Amino acid sequence: MPGHFGKFLDQVGRKGLVESQSPLVTNELLFAYENFSGMFQLENFIVRDTPRWNSDAKHAHFVQRSDVRRAIHVGDHAAMLDLSIRVYDALVPDQMRSVKRWLEDLLNVGYRVICFSGQLDVIVGYPLSIRMYLSLKFSASEEYRRVKRIGWYTDNELAGYTKTAGNFTEVMVRGAGHMVPLDQPRRTLAFVNAVIRETNNKH
């Protein structure tokens, strides 16, 4: 790893910097990734070009439909955009803050939690997510560390891997980046339907 980037990451890891300067840290990490890798696609590390989502994408037209807007309770007062700078800027301070404690609280009071990741995600890398899952403290944490992940299939193809312990399930979707439904819509639909069917069968 280049010396400058290594020193920068070391600074990011120092106590207090992430919390006090999270917008700065977030933007610096993004710029550093682009500069050192030559890649401008932060959502999928095998795609070199700029993001594939834009205002002409099918999903952008879908969420503008009046029936969809009514169904998701957003009204007709504002345009729904793929990327709102105003919303992004408001959320940036939260990007570098951990919600691990809240996740543990949900698990410990009995909520079913399912976390899914794209295999090729740059922003929330699957190996980094696994590292966090392994550090969780909840009623089935020891079971989670022992149990092996298993493959799951759609259309007779290996679609990814999953692992369940207690009320916690993690899913990895092969061939997907950060935008899992955009990269692998059939695989996403398959596992979401499986979760819904399993939930309905328990009630």
Side-chain angles (χ1 to χ4, degrees), residues 41-47 51-75 80-84 87 91 99-100 102-134 136 138-141 143-203:
Q41 167 58 268
L42 294 169
E43 294 161 1
N44 187 316
F45 64 71
I46 65 171
V47 178
R52 293 147 295 153
W53 46 263
N54 55 62
S55 58
D56 295 325
K58 290 180 180 179
H59 69 279
H61 294 290
F62 176 75
V63 297
Q64 296 287 4
R65 284 172 24 186
S66 59
D67 59 325
V68 174
R69 294 170 73 99
R70 281 196 303 272
I72 59 178
H73 309 288
V74 296
M80 294 181 65
L81 307 172
D82 278 354
L83 178 62
S84 167
V87 172
L91 293 175
V99 294
K100 177 184 167 185
W102 296 351
L103 179 57
E104 291 172 331
D105 287 346
L106 290 172
L107 289 166
N108 284 319
V109 298
Y111 281 98
R112 177 80 190 279
V113 174
I114 300 167
C115 296
F116 67 95
S117 303
Q119 176 189 24
L120 309 173
D121 191 356
V122 175
I123 300 172
V124 186
Y126 179 61
L128 303 179
S129 296
I130 293 296
R131 184 174 179 181
M132 190 272 286
Y133 303 153
L134 289 168
L136 289 172
F138 68 108
S139 58
S141 56
E143 179 187 356
Y144 176 78
R145 294 185 187 97
R146 290 194 311 268
V147 71
K148 293 184 178 181
R149 68 180 191 170
I150 59 173
W152 60 280
Y153 294 78
T154 58
D155 302 322
N156 295 316
E157 290 184 345
L158 180 64
Y161 295 90
T162 185
K163 184 175 177 178
T164 296
N167 52 331
F168 177 65
T169 297
E170 55 108 333
V171 179
M172 185 268 273
V173 182
R174 289 184 66 238
H178 190 66
M179 300 296 207
V180 175
L182 183 64
D183 288 336
Q184 295 292 339
R186 293 176 68 89
R187 292 176 180 177
T188 304
L189 181 62
F191 92 73
V192 169
N193 282 339
V195 168
I196 292 172
R197 284 195 299 270
E198 182 182 353
T199 301
N200 287 340
N201 290 337
K202 291 182 178 179
H203 295 283

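Please read these numbers as outputs of a predicted model, since none were measured by experiment.
- Within the model, atoms OG1 of Thr164 and CZ of Arg112 stand 6.0 Å from one another, a figure rounded to the nearest 0.5 Å.
- Between Leu103 and Met132, some side-chain heavy-atom pair lies under the 4.5 Å cut-off.
- Residues Val124 and Ser129 approach most closely at CG1-OG, 3.6 Å, considering heavy atoms.
- Nearest heavy atoms, Ile130 versus Glu170: CD1-OE2, 3.2 Å.
- At a threshold of 4.5 Å between non-hydrogen side-chain atoms, the residues Val173 and Phe191 count as touching.
- Side-chain contact between Val122 and His178 is absent, with no heavy-atom pair separated by less than 4.5 Å.
- Atoms CD1 and CG, on Ile123 and Leu128 in that order, are 12.5 Å from each other to the nearest 0.5 Å.
- Counting only heavy atoms from C-beta outward, the side chains of Tyr161 and Met172 approach each other to under 4.5 Å.
- In terms of heavy atoms, Trp152 sits closest to Val171 at NE1-CG1, 3.7 Å.
- Tyr153 is linked by a side chain to side chain contact (heavy atoms under 4.5 Å, CB included) to Leu158, counting only residues two or more places apart in sequence or in another chain.
- Considering only heavy atoms from C-beta on, Lys163 stays 4.5 Å or farther from Lys148 through its side chain.
- Taking every heavy atom of both residues into account, Gly175 and Gln184 meet most closely at O-NE2, 3.2 Å.
- Applying the 6.0 Å contact sphere to CG of Asp67 captures more than 12 heavy atoms from other residues, nucleotides or ligands.
- Scanning both residues, Gly118 and Tyr126, for their nearest heavy atoms gives O-CB, 4.2 Å.
- Under 4.0 Å is where a charged nitrogen must lie from a carboxylate oxygen, and between Arg187 and Glu157 at least one such pair does.
- Judged purely by atom type and a 3.5 angstrom limit, Asn108 uses its side chain to pair as donor or acceptor with the backbone of Ser139.
- Within 6.0 Å of CZ on Arg145 lie more than 12 heavy atoms contributed by other residues, nucleotides or ligands.
- Taking all atoms of both residues into account, the shortest heavy-atom contact from Ala165 to Phe138 is O-CE1, 3.9 Å.
- Looking only at side-chain heavy atoms (C-beta outward), Arg186 and Thr154 stay at 4.5 Å or farther from each other.
- Proximity of Phe168 to Cys115: side-chain heavy atoms (C-beta onward) are separated by under 4.5 Å at one or more points.
- A heavy-atom distance below 4.5 Å is not found between the side chains of Asn167 and Val113.
- The CG atom of Asn44 lies 4.5 Å from the CG atom of Leu120; values are rounded to the nearest 0.5 Å.
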